[in-house]
Amino acid sequence: MIMLTSLRGIVQEVNAASDLPSILNIIVARVKQVMSTEVCSIYLRDNSGAYVLMATDGLNAAAVGQVRLAANEGLVGLVAAREEPINLDRAENHPKFLYFPETGEERYSAFLGVPVIHQRTVLGVLVIQQVERRKFDEGEEAFLVTVSAQLAGVIAHAEATGALASIGSNNLRTEIRFQGVAGAPGVAVGQAVVVSPLADLKAVPYQKIDNIEEELAFFNQCLAAVRQDVKSIGDELKIRLNREEQVLFDAYLGMLDDASLGGEVTDRIRQGLSAQYAWSDVILEHVKTFASMHDPYLQERASDVQDLGSRVLAYLQQSTQKERVYPDNTILIGEELTASLLGEVPQGKLVGLVSLRGSSNSHVAILARSIGIPTVMGAVDLPYTKIEGRELIVDGYHGSVYVDPSETIKAHYREIAKDDLELYRLLDSLKELPCETLDRHRVALWVNTGLMADAILSLERGAEGVGLYRTEVPFMLRDRFPSEEEQRIAYREQLSAFAPHPVTMRTLDIGGDKSLPYFPIAEDNPFLGWRGIRVTLDHPEIFLAQVRAMLKASEDFNNLRILLPMISSIPELEIAQMLIYRAYDELIEEGFRIAMPPVGVMIEVPSAVYLAKELAARADFLSVGSNDLTQYLLAVDRNNPRVADLYHSLHPAVIRALQQVVDDSHSQGVPVGICGELAGDPTAVLLLMAMGFDSLSMNATNLLRVKSVIRGVKFADAQNLLADVKLLPDTESINRRIEAMYQEAGLTWLTKPRTPGQQKNT
Ligand code: PEP
Ligand code: MG
């Protein structure tokens with residue numbers, strides 16, 4: 001328990017520190033104290049792979065920055081190489097023991113070193129030592145491992161921020177690369193535009209200003225407004241407040257004075273910082289100071305300061321919000337991006353996206369793919385508030401972001417972008433040609449839409465229909481539920497754009513990572529919670545209005561198909577069908593001349609796979625949502641970058657499930673398609689075609705690549721590939737087998753990320 005309290009204390013103090021050296025100094029001092037030992041030091045890995053002494057409490061301070069060990073050199077190097085703790089009561093007897101006279105460490109006999117690991121990478125080694133022989137016990141060793149694991153993320157983040165700050169301060173201009181998850185393919189060079197949630201003190205972008213006097217006046221004006229606010233709230237509540245609370249209100253007002261917070265902020269503005277950044281910087285500093293105090297009463301004051309801070313920030317942001325200017329090559333970057341944020345960027349100006357949260361199958365990544373914007377997701381370590389206006393490269397193939405790139409790397413990426421463009425031109429010639437194999441086996445190629453932009457792109461690329469229209473997208477772009485008539489207009493636009501081709505409209509699929517700003521759903525486990533059909537069956541008024549709008553919109557075109565998301569049982573389908581019939585009957589009674597559309601079921605949860613035959617017997621078609629199906633089969637959150645490398649779209653279990661759905665659906669004479677992202681993956685399409693899927697529905701960006709793959713092979717070759725793949729036990733061997741076949745068929749140029757000068761042939 002004491003250890004847990006100490007650990008919390010250390011973490012709290014570390015979180016309050018502002019830069020890497022202070023973080024490391026706190027760690028070594030506090031760990032040494034808690035472990036009652038004589039030395040605590042931290043070694044961090046530098047760019048050359050050496051472990052450098054970065055902080056110590058106990059060894060000679062002058063040795064910091066001087067002592068360097070290669071991996072596997074000395075005990076520190078051994079801890080790093082083995083990636084596990086080494087605990088010795090007599091270090092000098094170990095063959096790897098080696099000491100640096102400048103540290104004075106020859107005196108110390110007992111040694112316990114643990115690796116500091118973040119995202120599978122060893123960042124450094126945390127060491128404690130003492131003169132007297134001592135075997136640190138199991139509990140102590142485990143404690144040091146815990147400290148190290150908890151602090152690794154903070155150290156990684158501080159390292160990244162520090163590196164960013166030092167760019168340009170030396171003559172060696174090298175860019176910094178941050179790694180995330182590949183979100184949408186393509187590359188972009190552009191300028192960062194940071195979007196941050198309003199009134200969030202931690203998300204204010206670092207910004208310099210030119211006109212100091214103007215900024216000061218603006219700040220004082222906002223401060224006066226908040227002072228007035230606080231005063232009137234205080235006056236209103238006066239009768240209900242006890243003395244202590246009244247004192248608190250006065251203290252609030254006091255804090256806003258020039259002699260207090262106001263003064264500190266003014267100083268920073270005078271140094272050229274924007275009022276927003278100066279204010280949040282000062283407030284956060286005070287919040288941290290309060291939070292790290294031992295007195296619980298004072299600790300609680302941290303939230304008062306924070307509250308006051310957010311109020312003022314809201315004023316500061318309100319007045320500047322409308323002024324956001326988007327450069328011609330905007331790269332939007334934020335902690336969490338949403339469909340409506342993308343919508344705010346004027347047409348043609350958005351070239352790239354970077355999100356700190358989310359993964360490749362998050363909703364925003366899917367949208368980005370559908371409109372062809374290179375995207376990196378899950379760039380968790382990127383200190384995004386510090387890069388407003390800086391130049392960036394987004395590499396959506398590899399999931400990397402470069403800040404302040406050098407000329408050489410920019411030239412490299414411009415070359416890739418040029419090559420991509422050339423590839424699209426080459427593929428463009430395919431758009432009028434049928435999607436069939438060399439031996440004339442045909443597959444329907446459909447598109448997934450949501451925004452009008454992707455519908456236009458789809459038509460340009462020769463789509464044969466819409467396999468999935470995500471109706472939640474138009475819902476997300478508003479600040480309330482759209483009315484039946486508003487929906488009808490939006491749906492009719494889609495139906496008429498594609499008529500006479502079919503348009504499959506999915507009923508509202510919110511929940512999970514798709515939330516509506518005006519209908520928040522807060523749950524511990526949103527992907528297993530109130531999602532898709534579960535929400536709309538609980539709100540038949542929303543469901544009925546939507547279905548009525550779809551049906552009315554289809555009048556004259558009769559190209560509508562309705563698709564139900566997240567079905568996990570037969571009664572869900574039956575109730576939904578009953579509601580659809582009800583809406584249809586009402587409309588017929590009202591005089592509309594419409595045909596009853598086919599109603600289909602999405603197969604995206606494991607129970608639906610096992611019920612595919614029964615569902616097919618009751619529905620007009622099935623459509624596999626492989627994004628969700630993969631996450632539920634593999635128990636891997638599609639939105640979590642930490643497990644992104646476990647999300648195997650071609651896992652043998654997924655392949656078996658897909659085959660079973662196709663067979664069960666066909667056994668009932670019912671067509672089956674697939675509309676998850678897998679359908680647009682050029683490496684997967686041959687398998688899907690061989691399994692027997694009747695249609696593949698994908699983002700418009702990949703449509704022609706997929707067509708090119710299919711037109712390059714014989715159906716029998718795809719069947720042989722599938723037969724081989726079905727015998728393989730893991731994704732890696734499956735990918736290798738596919739790669740070998742694509743190599744043989746000369747198709748790899750369509751599947752691999754582009755590299756400059758790559759050989760092409762159609
Ligand atoms: C799916 O889950 O595969 C799917 C197509 O739906 P969404 O990505 O919108 O959840
Ligand atoms: Mg889904």
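Remember, it's 1-based here, ligands and their atoms both numbered in the order they're listed.
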(Q) Below 4.0 Å, non-hydrogen atoms only: which portion of Glu677 touches ligand 1? Side chain, backbone, both or neither. (A) neither
Q: For ligand 1, note which part of Val624 has a heavy atom under 4.0 Å away: side chain, backbone, both or neither.
A: neither
Q. For ligand 1, which atoms, with element, lie under 4.0 Å from some heavy atom of Arg638?
A. 2 (O), 7 (P), 8 (O), 10 (O)
**Q.** Enumerated ligand 1 atoms positioned under 4.0 Å from heavy atoms of Leu468
**A.** 5 (C)
Q: Enumerate the atoms of ligand 1 whose separation from the nearest heavy atom of Ile366 is less than 4.0 angstrom.
A: 8 (O)
Q. What pair of heavy atoms forms the shortest contact from Ala616 to Asp664, and how long is it?
A. CB-O, 4.4 Å
Q) Can you tell which part of Leu629 has a heavy atom less than 4.0 Å from ligand 1: side chain, backbone, both or neither? A) neither
Q. Atom 6 (O) of ligand 1: which protein heavy atom is closest, and how many Å away?
A. Arg506 NH1, 2.9 Å
Q) If you take all heavy atoms of Phe498 and Ser458, which pair is closest and at what distance? A) CZ-CB, 3.9 Å
Q) Within a strict 4.5 Å, meaning less than it, do heavy atoms of the Asn702 and Pro682 side chains meet? A) yes
**Q.** Those residues that, when tested against Tyr518, pass ring pair (Phe, Tyr, Trp, His ring centres under 6.0 Å) (two or more places apart)
**A.** Phe481
Q. Salt-bridged, Arg488 to Glu485, with N to O below 4.0 Å?
A. yes
**Q.** Of the N, O or S atoms in Asp628, the one nearest the Mg ion (ligand 2)
**A.** OD2
**Q.** Sole residue of Ile603, Val605, Val609 in side-chain contact (heavy atoms from CB on, under 4.5 Å) with Ser607
**A.** Val605
Q | For Met602, the ligand 1 atoms whose distance to one of its heavy atoms is below 4.0 Å | A | 4 (C), 5 (C)
Q.
If I take every N, O or S atom of Glu604, is at least one of them less than 2.8 Å from the Mg ion (ligand 2)?
A. yes
**Q.** Pairing of Asp628 and Arg531 as salt bridge, 4.0 angstrom limit
**A.** yes
